[in-house]
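This report refers to the structure that appears directly beneath it.
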Amino acid sequence: MTDKLDLIIWFTVSQIPVGKVMTYGQIAKACGYPGYARYVGTVLKKLPSDTDIPWHRVINAQGRISFPFDSEAYHRQRERLLAEGVNVENGRITLRHYQY
DNA sequence: AGTCTGACGGGAT
DNA sequence: TATCCCGCCAGAC
């Protein structure tokens with residue numbers, strides 16, 4: 001069951017335009033699985049490091065990157081977003097960067 | 001079968 | 001605005 005859902009989630013995330021972001025909850029809902037926000041994170045975590053899927057365009061409902069500020073993962077995601085023109089100053093992402 | 005763990009979310013305080 | 005708390009769901013043990 002979750003196997004097909006993984007594919008839907010991968011596809012949905014890959015549809016996020018450059019310079020835009022979506023929350024875990026929005027991804028889940030867009031996939032037809034509201035309430036599966038947590039699972040979206042689980043799926044992204046399983047992606048290989050060399051994936052083409054833009055996992056960095058997925059943030060939490062608070063408009064923040066869901067990694068500890070001092071972690072390596074946090075900086076990787078932040079750099080990728082900044083490179084696409086997404087303002088992450090102050091640790092938060094403005095609503096104007098949202099796809100929805 | 002019971003319990004714990006997350007790249008989560010939302011309401012209460 | 002900042003915590004806290006609880007509900008949520010699949011996986012690992």
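Proximity of A:R78 to A:I65: side-chain heavy atoms (C-beta onward) are separated by under 4.5 Å at one or more points.
Between the side chains of A:H56 and A:E79, not a single donor N or O lies within less than 3.5 Å of an accepting N or O. Checked by atom type, the side-chain pair A:S66/A:N60 shows a donor-acceptor distance below 3.5 Å.
Within 4.0 Å (heavy atoms only), A:F67 reaches at least one base atom of the nucleic acid.
The backbone N or O of A:R96 sits nowhere less than 3.5 Å from a side-chain atom of A:T94 that would complete a donor-acceptor pair. A:R80 places no side-chain N or O within 3.5 Å of a backbone atom of A:W55 that could act as its donor or acceptor partner.
Distance CZ (A:R38) to P (C:dA12): 16 Å, rounded to an integer number of Å. What separates CD1 of A:I9 from C1' of C:dA10 is a distance of 11 Å, to the nearest Å. The NZ atom of A:K45 sits 17 Å away from the P atom of C:dA10 (whole-angstrom rounding).
Boundaries of the chain A contact region on DNA chain B are B:dG6 to B:dG10, first to last in 5' to 3' order (nucleotide atom under 4.0 Å from a heavy atom).
Taking only side-chain nitrogens and oxygens, A:Y36 comes nearer than 4.0 Å to OP1 or OP2 of C:dA10.
For the pair A:Y39 and A:R92, both in contact range of DNA chain C, the more 5′-proximal nearest nucleotide belongs to A:R92.
Remark: A:K29 NZ is loosely packed, at most 12 non-hydrogen atoms of other residues, nucleotides or ligands lying under 6.0 Å away.
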